[in-house]
Amino acid sequence: MKERIEQLRDALNRHNYKYYVENAPEISDRQFDALMHELQELESRHPEFADQNSPTRRVGSDLLSEFVQAEHRYPMLSLMNTYSIGEVQDFYNRVAAEAEKQEVELACEPKFDGTAISLTYVDGRLERAVTRGDGQKGDDVTANVRTIRTVPLTLHGGGYPAWFEIRGEIFMPHSSFERLNAEREERGEQLFANPRNAAAGTLKLQDSSVVASRRLDSFLYSLESDALPHPTHWENLAEARRWGFKISEDMELCRNMAQVEAYIDRLDRLRHTLPYDTDGVVIKVNDLALRTRLGTTSKAPRWAVAYKFAAERALTRLETVDFQVGRTGAITPVANLRPVLLAGTTVKRASLHNAEQIALLDARVGDMVWVEKGGEVIPKITGIDLSQRPADSVPIVFPALCPECGTPLVRYDGEARHFCPNQNGCPPQIVGRIVHFIARRAMDVDGLGEETVALLYNEGLVQTVADLYDLRAEQLAVLPRLGEKSAANIIHSIERSREVPFNRVIYALGIKFVGETTARHLAAHFGSLDAIEAASPEELAEAEEVGEKIAASIRDYFADEANLRIVERLRAAGVQFSQAEASDTEMLSQSLAGKTFVISGTFARHSRDELKRFIELHGGRNLASVSSNTDFLLAGDKIGPAKLQKANELGVRIIDEHEFEAMIGEAEISGPSPEAPAQQELF
């Protein structure tokens with residue numbers, strides 16, 4: 001059996017490399033999935049053959065504690081920046097003088113706009129992944145990096161040092177970034193400003209399963225070891241490519257300054273067509289012995305330099321300003337521009353962010369404004385040509401009333417944006433909440449888009465999400481662009497949404513600041529919507545990823561009578577308002593029958609979701625808060641102080657993870673997880 005497991009791991013690693021690095025798949029998605037499923041089954045039945053570098057680990061886990069700091073054996077230095085060809089020429093002259101040659105070889109590569117990473121391999125296996133940090137030490141993010149499919153977990157072939165570091169950049173491709181921001185916009189969450197910020201934020205998440213879903217990518221560009229196979233940087237990277245690392249095909253070995261200039265010009269023209277962000281060129285001495293002679297300063301190597309591209313900008317006229325109302329009531333000012341070509345695309349709009357930004361910029365309707373597109377979600381206005389300002393121009397006035405419903409706007413503490421508080425009477429907010437409710441990652445109602453929802457609202461057929469469950473096919477069939485078949489499909493999809501799991505229902509409700517991950521933690525922690533509604537702010541904050549701000553938002557949601565009416569109608573419609581309980585056929589034992597548990601803190605061996613599932617599979621019951629009905633408080637690190645105090649006051653027995661394992665049998669809990677990992681999207 002071990003031999004078959006190893007065969008599957010080798011095959012999956014090879015096919016993963018062929019698809020994600022070489023872009024030359026040899027088998028179909030279905031065949032890959034079948035191999036992955038077989039390996040998952042075998043590993044589940046034979047935990048004695050567990051391997052942290054198995055391909056099955058790429059799906060991630062919610063079992064992460066806070067990141068620990070790790071030292072870099074070789075410091076991760078910064079690069080000196082240059083902004084002109086003249087400065088690059090000066091660098092070249094210094095290197096040539098040290099080499100005592102007229103010409104030297106320089107390796108040129110794109111300056112990837114992501115977050116730096118150092119990967120350590122021991123005997124051909126990924127051992128550790130650490131961020132740059134302060135250059136001397138960084139955060140150990142190994143669990144998250146294992147989910148990135150272009151990072152090999154085990155190396156191909158041979159010839160690699162027994163121990164080495166390879167450094168590079170973790171980045172978010174444009175396709176992943178656009179998908180992520182579209183999802184965040186749908187949820188009413190703040191958008192990431194650019195792929196660099198999104199990649200850095202994702203790499204530091206505590207839930208590696210979420211990291212896996214965001215589809216980060218990598219390029220590796222530097223080897224560090226006392227036993228490198230070749231005397232030049234270029235040869236070592238070619239070797240690393242054979243070992244399975246993703247090395248940029250846009251690198252080039254230049255043998256004189258003229259070739260360096262040509263490379264910079266070529267990449268400057270090419271960069272807008274690349275599937276990732278680059279903001280310049282990195283130029284490195286190829287000969288490692290010459291690098292040693294050149295040495296380093298305390299901050300940067302003397303054998304490398306970064307050339308930064310100038311930010312592209314264009315001058316155009318600001319014609320009007322719109323104030324848009326989002327699902328959460330946030331007011332977003334957007335400048336409408338005379339169309340202008342910028343960075344290969346036609347720009348018509350630019351963000352003005354909020355009232356403070358408008359006042360700081362002092363852009364006015366009719367102004368000629370400078371617009372830049374530097375990786376932002378939409379371009380931004382960076383300056384004004386005051387010499388062309390119309391004499392009769394007046395400052396832009398941020399509205400005091402909602403542009404859609406006329407309600408006075410408010411600005412909450414800690415928020416830069418203004419909000420319309422009329423959530424139950426402002427049309428864009430109502431339509432936005434319904435669109436959010438039916439989204440694929442929420443209730444997944446097919447056939448209803450934003451335009452159709454707006455039509456249903458305007459026709460008076462749907463005023464809240466609960467009204468969806470009262471719709472009839474004949475009401476829809478007579479509407480424009482629908483018809484009987486489309487109407488029947490929509491009604492069927494609404495009916496099917498009654499089976500959507502509880503955690504997605506929480507997310508679909510559209511509670512402010514409650515995204516998918518928070519909804520999942522709330523569902524696992526409390527088990528039912530009734531328990532969430534009854535929980536105090538302190539009890540809510542004991543759930544993972546729920547802080548004071550989110551807890552207050554949840555309490556505000558359930559304090560609103562209109563929301564409570566919607567919740568009761570959804571309950572009557574049969575929407576899932578609690579976690580599905582295990583059937584008798586799924587039970588592992590009755591060793592915890594009649595016992596009640598409250599879980600608090602973080603645990604070394606299992607996530608809280610797993611522990612709750614174990615309790616259910618052995619006949620026990622999970623409670624959200626400690627009371628006189630609680631039998632055990634299962635306590636981990638950073639236990640909630642309120643629960644601990646209450647347990648001591650009531651005499652509730654407090655147990656740790658090891659005691660709990662003993663209660664249900666060490667062999668059972670150290671075996672396969674009761675919840676198999678969700679099937680990842682492999683291609």
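A donor-acceptor pair is defined here as one N or O able to donate and one able to accept, closer than 3.5 Å; no such pair exists between the side chain of Trp303 and the backbone of Leu290. The main-chain N or O of Ala199 is never found under 3.5 Å from a side-chain atom of Thr115 such that the two would form a donor-acceptor pair. Of the possible polar contacts, none joining the Thr147 side chain to the Ala143 backbone as a donor-acceptor pair under 3.5 Å is found. Formation of a donor-acceptor pair under 3.5 Å by the Asp367 side chain with backbone atoms of Val369 is not found in this model. A donor-acceptor pair under 3.5 Å links the side-chain atoms of Ser225 to the main chain of Trp163, judged by distance alone. Ser176 places a side-chain N or O within donor-acceptor distance of the main-chain N or O of Arg215, the cut-off being under 3.5 Å. Checking side-chain atoms of Asn13 against main-chain N and O of Asp10 turns up no donor-acceptor pair under 3.5 Å. In this structure a side-chain-to-backbone donor-acceptor pair under 3.5 Å is missing from Ser54 to Asp51. Between the side chain of Tyr121 and the backbone N or O of Pro152 there is at least one donor-acceptor pair closer than 3.5 Å. For the pair Asn336 (side chain) and Lys348 (backbone), a donor-acceptor distance under 3.5 Å is absent.
Salt bridge present: Asp362 and Arg364 bring a charged side-chain N and a carboxylate O closer than 4.0 Å. Salt bridge annotation for Glu165-Arg167: present, with a cationic side-chain nitrogen under 4.0 angstrom from a carboxylate oxygen. Salt-bridge formation is detected for the pair Glu516/Arg441: a Lys NZ or Arg NE/NH1/NH2 atom is positioned less than 4.0 Å from an Asp or Glu carboxylate oxygen. Taking 4.0 Å as the cut-off between side-chain N and carboxylate O, Lys204 and Asp139 count as a salt-bridged pair. A salt bridge links Lys246 to Asp217: at least one charged side-chain nitrogen sits closer than 4.0 Å to a carboxylate oxygen.
Nearest heavy atoms, Gly158 versus Trp243: O-NE1, 3.2 Å. Minimum heavy-atom separation, Val281 to Lys111: N-CB, 3.9 Å. The minimum heavy-atom distance between Met80 and Ala304, with the atom names listed, is CE-O, 3.8 Å. Here the closest heavy-atom approach between residue Thr142 and residue Ala129 is recorded as OG1-N, 2.9 Å. What you find for Cys254 and Tyr263 is that their closest heavy atoms are SG-CB, 4.2 Å. Of all heavy-atom pairs between Ile166 and Ala240, the closest is CD1-CB, 4.1 Å.
Residues forming a ring pair (Phe, Tyr, Trp, His ring centres under 6.0 Å) with Phe219 (at least two apart in sequence, or on another chain): Phe112, Phe171, Tyr276. Residues passing the salt bridge (Lys or Arg N to Asp or Glu O under 4.0 Å) test with Glu169, sequence neighbours excluded: none.
At a cut-off of 3.5 Å, with distance as the only test, no side-chain donor of Asn354 or Gln357 sits close to an acceptor on the other residue. Side-chain atoms of Thr232 and His230 form no donor-acceptor pair, as typed in the model, at a separation below 3.5 Å. At a cut-off of 3.5 Å, with distance as the only test, a side-chain donor of Arg146 or Asn53 sits close to an acceptor on the other residue. In this structure, a donor-acceptor pair under 3.5 Å is absent between the side chains of Arg338 and Thr316.
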Check: Could you go step by step and tell me if Arg266 and Glu252 meet the side chain to side chain contact (heavy atoms under 4.5 Å, CB included) rule?
Finding: CA-CA 11 Å; Arg266 181 175 70 83; Glu252 190 172 306; 3.2 Å; yes
Item checked: salt bridge (Lys or Arg N to Asp or Glu O under 4.0 Å) assessment of Glu356 paired with Arg411 -> CA-CA 12 Å; Glu356 285 184 359; Arg411 187 171 173 183; 2.7 Å; yes
Margin query: Between Cys108 and Met251, is the side chain to side chain contact (heavy atoms under 4.5 Å, CB included) condition met? List the steps.
Written below: CA-CA 6 Å; Cys108 297; Met251 295 176 60; over 6 Å; no
Next item on the list: Could you please spell out the steps behind the side-chain hydrogen bond (donor to acceptor under 3.5 Å, both in side chains) verdict for Thr278 and Arg271?
Entry: CA-CA 7 Å; Thr278 175; Arg271 61 185 171 121; over 6 Å; no
Notebook entry, point to check: Stepwise, does the salt bridge (Lys or Arg N to Asp or Glu O under 4.0 Å) test hold for Glu71 with Lys137?
Noted result: CA-CA 4 Å; Glu71 296 280 343; Lys137 60 182 180 298; 5.3 Å; no
Margin query: As a quick check of understanding, evaluate side chain to side chain contact (heavy atoms under 4.5 Å, CB included) for Ile117 and Val141, giving each step before the final call.
Written below: CA-CA 9 Å; Ile117 197 74; Val141 291; 3.8 Å; yes
Next item on the list: Determine, stepwise, if the pair Asp637 / Phe603 fulfils side chain to side chain contact (heavy atoms under 4.5 Å, CB included).
Entry: CA-CA 6 Å; Asp637 293 336; Phe603 298 86; over 6 Å; no
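Remark: Lys101 NZ is loosely packed, at most 12 non-hydrogen atoms of other residues, nucleotides or ligands lying under 6.0 Å away. Around the CD atom of Glu548, the shell of radius 6.0 Å holds no more than 12 heavy atoms that belong to other residues, nucleotides or ligands.
Inter-residue side-chain proximity for Met172 and Arg214 is flagged as met; some heavy-atom pair is nearer than 4.5 Å. In this structure, the side chains of Leu223 and Glu239 stay at 4.5 Å or more apart for every pair of heavy atoms. A heavy-atom distance below 4.5 Å is found between the side chains of Ile264 and Val260. With contacts defined as side-chain heavy-atom distances shorter than 4.5 Å, the pair Leu352/Val334 does not qualify. Here the side chains of Leu220 and Leu119 are in contact, with some heavy-atom distance below 4.5 Å. Counting only heavy atoms from C-beta outward, the side chains of His72 and Val130 approach each other to under 4.5 Å. Side-chain contact between Arg291 and Asp287: absent, with no pair of heavy atoms (C-beta onward) separated by less than 4.5 Å. In this structure, the side chains of Glu103 and Met257 stay at 4.5 Å or more apart for every pair of heavy atoms.
Atom OG of Ser218 sits about 5.0 Å away from atom CD1 of Ile170, to the nearest 0.5 Å. A distance of 8.0 Å separates CZ of Phe309 from CG of Asp279, quoted to the nearest 0.5 Å. Separation of atoms CG (Leu288) and CG (Asn286) is listed at 7.5 Å; rounding is to 0.5 Å. One distance of note links CD of Glu235 with CG of Leu253; it measures 9.5 Å at 0.5 Å rounding. Here CD of Glu109 is found 5.5 Å from NE2 of His233. Values are rounded to the nearest 0.5 Å. The CE atom of Met368 lies 12.5 Å from the CG atom of Leu386; values are rounded to the nearest 0.5 Å.
Figure legend: Lys549 and Phe513 shown as a cation-pi pair, the cationic atom lying under 6.0 angstrom from the six-membered ring centre and within 45 degrees of its axis.
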Please output the side-chain donor-acceptor pairs of residues 87-99 that fall under 3.5 Å, not counting sequence neighbours, one pair per line with the distance.
unit_1, atom_1, unit_2, atom_2, d
Glu87, OE1, Tyr83, N, 2.6
Glu87, OE1, Ser84, N, 3.3
Gln89, NE2, Asn93, OD1, 2.9
Tyr92, OH, Val104, N, 3.1
Asn93, ND2, Gln89, O, 3.4

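Separation of the Tyr74 and Phe164 ring centroids does not fall under the 6.0 Å cut-off.
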